[in-house]
Amino acid sequence: MHVSFDIAADLDATLRAAATRAGLEPGFDPEVRTADPRHGDVQANGVLGYAKARKLNPRAVATQLLAALPPELATVAEASIAGPGFINFRLKPATLLAWLQAYDSTEHLKSGASAFYRGLRQVVDFSSPNTAKQLHVGHVRGMVIGEAICRLLEYCGAEVVRDNHIGDWGTQFGKLIWGFKHLRNDDALAADPLEELERLYKAADAAAKEDPAKLDAARAELVKLQAGDAENLALWNRINAISATAFAEIYRQLDIRFDVQLGESFYNDKLQQVYDELTAAALAEESQGALVVFHPEHPRFKTQPFIIRKSDGASNYASTDLATMLYRTEHFKADVIAILTDTRQSDHFEQLWLTTQKWFAKTGRKLPRFEHVTFGSILGEDGKAIKTRSGDPIKLKALLAEAVDRAFTLVTEKSPELPEAERRDIAQAVGIGAVRYADLSQNRSSDYIFAWDKILSFEGNTAPYLLYAVTRIHSIFRKLGVAPFDAAAIAGASAPETDAELALARKLTGFAPALRLTTAQLRPHFLCLYLYELAGEFSTFYVADKVLVDDPAVRARRLLLCARTLLILETGLQLLGLRTLTRM
Ligand code: ARG
């Protein structure tokens, strides 16, 4: 029996075809959803609205629709009409079994999922920190959400270009270069280069505030850099290289990678075209020496300008981002461009997108889709922006180190018998995983409170809970002496039968809609919630139904459920960027 990866999507297509046969008007949307398990597996709510709008009897329309369903559907699911005109589908146990047998490896799951976005070119701009500043806790969201989104989109068939759009150009370099030339401490630079750069910037900034002559000197360094002065360009390169090395170390720890790192400076020679085209298209105008774009149709942006070139002629964030939009569209042939930043940049991206749409329309370019993927802030336990005791932002390096330390203490309490090297390795996965999962499991639009006890708890929707659930299934197989993906152990499995088996099997087939929802909204918390519920469903099953029974068909089907739960938990956690373990 062939069973599709996303059964709900398949039923959606079947219903649309049936609607045509039944003579419903084109454009009928069956509104297929995952059903409340008490009523079925999948439900279609679309008949109600359709009938209401046309003053028809919804039950009559639903009856017509059911009659037009292909007869072979009866082997897959049982369809019925409920209430005023809902259509419910209850999957046959044989369908559930067929699904579990078909999607037996992460590659097979992927081959099902890759139909979602096959060939869609998607540029994802994430992390994108500014040079010469340390990564701090505020950077973590963009990094882990971005990495998860890239993995998920790739798994679902998109061709993803991961771009780290480093802030490597701009006015901060005047002070940085001046500071580097006059205030540098070479020992400190050798010991912790990024730390020293950050100190230099702060010291130069303070000096410039006190002494206008120093401010002028810093500005002069910037002008020299922008004019291509060899010494300043070399320093600029050196500063960027120092930053890049420090960033790379954190990316390695968090298992984050990029295909390209095209920073703001990459667009320097592409800005004139932006100014020229926007001026020629009469979208940009001079205002007090600056080049600006207004959006008369917008309540705020009709008076609040989008400044695309400053009055001193220098480029800014908007200029480079416009050039970036063009480059990603033309060079990378992006169908979708997604940029991750915190919500505070919403105005900038709204203006950028309004401007891009008009610009591309005037110049006859194909418009990609644009997603500004925003996220809220991480708060301390007092509900305020998270800070160290001295009031500085918490460095990401320090946060990750603390996470691993705390996880080591926990693991040592729980499993003192494990060799130390293994406990250290587990602590890495649990500590880093906990920080990451704490972030991903929250709706990215909201702020969240970072609390060590909560994120490292073995209870609730946390990394330790899920990583532990994975190791527990591994240990079931270890005790049995069979490999979890051993085909022989699950051969001859019969279809799920008990309530707990059925509920778990249904939840497993829910992986497809969970992936679809997560990628459609670029919100990893949907996948987190699904995995958490799956782990819960597994616990219920494991308590209710003994796995090692004598009847070989029953035993095989229960082992099959164990194996597939393990497969989907591991696959899902890895898509979120977590490293899973076999024991802890
Ligand atoms: N460097 C910016 C920041 O730290 C983020 C850049 C996001 N990407 C972009 N194309 N603007 O806030």
Side-chain angles (χ1 to χ4, degrees), residues 122-147 149-150 160-173 176 194 197-198 201 236 239-240 243-244 246-248 250-251 256 258-268 270-271 274 293 306-310 314-332 334 336-357 359-360 368-378 385 393-396 444 522:
Q122 185 135 357
V123 174
V124 182
D125 169 336
F126 72 107
S127 187
S128 306
N130 295 331
T131 311
K133 290 212 186 103
Q134 305 231 38
L135 297 175
H136 57 78
V137 55
H139 287 104
V140 80
R141 298 204 83 175
M143 293 164 72
V144 305
I145 296 171
E147 177 66 27
I149 285 177
C150 290
V160 178
V161 179
R162 300 149 166 256
D163 187 1
N164 193 9
H165 187 83
I166 305 261
D168 62 356
W169 197 252
T171 46
Q172 79 266 33
F173 280 97
L176 266 169
L194 194 55
L197 283 186
E198 207 168 38
Y201 179 79
W236 172 76
I239 291 170
N240 280 320
S243 275
F247 294 162
I250 301 247
Y251 293 141
I256 286 175
F258 297 99
D259 299 305
V260 288
Q261 309 215 39
L262 302 177
E264 291 175 13
S265 67
F266 174 78
Y267 296 95
N268 281 347
K270 299 171 180 61
L271 302 175
V274 174
V293 178
F306 191 43
I307 302 172
I308 68 167
R309 189 180 61 205
K310 296 194 286 187
S315 62
N316 66 2
Y317 196 48
S319 351
T320 50
D321 263 343
L322 284 164
T324 305
M325 285 299 226
L326 183 59
Y327 188 78
R328 288 174 177 164
T329 306
E330 295 198 327
H331 179 82
F332 291 122
V336 185
I337 297 171
I339 301 181
L340 282 81
T341 77
D342 67 31
T343 14
R344 287 171 300 183
Q345 296 194 28
S346 295
D347 271 9
H348 166 78
F349 285 106
E350 209 184 317
Q351 287 172 299
L352 174 69
W353 180 230
L354 283 171
T355 308
T356 305
Q357 291 175 72
W359 171 29
F360 281 20
R369 208 169 79 211
F370 174 64
E371 314 250 14
H372 182 211
V373 181
T374 57
F375 44 84
S377 318
I378 305 182
I394 298 176
K395 287 174 191 146
L396 196 45
R444 61 175 165 77
L522 303 178

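We count ligands from 1, going down the list as the structure has it; atoms in each ligand are counted the same way.
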Problem set entry | Where I250 and M143 come nearest, the two heavy atoms and their spacing |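 Distance-wise, the nearest heavy atoms are CG2-CE, 3.7 Å.
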For this session: Could you tell me which non-hydrogen atom of H348 sits nearest to which non-hydrogen atom of A318, and how far apart they are?
Result: CE1-CA, 3.8 Å
Do the ring planes of [X] and [Y] sit parallel (below 30°), tilted (30 to 60°) or perpendicular (above 60°)?
{"X": "Y327", "Y": "H331", "answer": "parallel"}
{"X": "H165", "Y": "Y267", "answer": "tilted"}
{"X": "F349", "Y": "H372", "answer": "tilted"}

Could you list which atoms of ligand 1 come closer than 4.0 Å to a heavy atom of [X]?
{"X": "Y317", "value": "2 (C), 5 (C), 6 (C), 7 (C), 9 (C), 11 (N)"}
{"X": "T341", "value": "7 (C)"}
{"X": "I339", "value": "8 (N), 9 (C), 10 (N)"}
{"X": "H165", "value": "8 (N), 9 (C), 10 (N)"}

For this session: Report the nearest protein non-hydrogen atom to atom 12 (O) of ligand 1: residue, atom name, distance rounded to 0.1 Å.
Result: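 Looking only at protein heavy atoms, the one closest to atom 12 (O) of ligand 1 is Q345 NE2, 2.8 Å.
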For this session: Give the residue and atom name of whichever protein heavy atom lies nearest to atom 8 (N) of ligand 1, and the separation in Å to one decimal.
Result: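 Checked against all protein heavy atoms, atom 8 (N) of ligand 1 sits closest to D125 OD2, 3.1 Å.
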Problem set entry | Main-chain N/O of E264 paired with D168 side-chain donor or acceptor, under 3.5 Å |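 Yes: the side chain of D168 pairs with the backbone of E264.
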Exercise. Does ligand 1 have a heavy atom under 4.0 Å from the side chain of L340, from its backbone, from both, or from neither?
Worked result: neither
Exercise. Using heavy atoms and a threshold below 4.0 Å, how should the contact between F126 and ligand 1 be classified: side chain, backbone, both, or neither?
Worked result: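 For F126, there is no contact with ligand 1 at all, from either part.
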Exercise. Touching ligand 1 at all, D321? Heavy atoms, strictly under 4.0 Å?
Worked result: yes
Do any nitrogen or oxygen atoms of [X] come within less than 3.5 Å of a nitrogen or oxygen of ligand 1?
{"X": "R328", "answer": "no"}
{"X": "N130", "answer": "yes"}
{"X": "E264", "answer": "no"}
{"X": "H348", "answer": "no"}

For this session: Taking only Lys NZ, Arg NE, NH1 and NH2, and the carboxylate oxygens of Asp or Glu, determine whether R162 and D125 approach each other closer than 4.0 Å.
Result: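 Salt bridge flag = no for D125 with R162.
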Exercise. Within a strict 4.5 Å, meaning less than it, do heavy atoms of the K270 and N268 side chains meet?
Worked result: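 In short, these two side chains do not touch, never coming nearer than 4.5 Å.
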Problem set entry | NZ (K310) with more than 12 external heavy atoms under 6.0 Å | yes
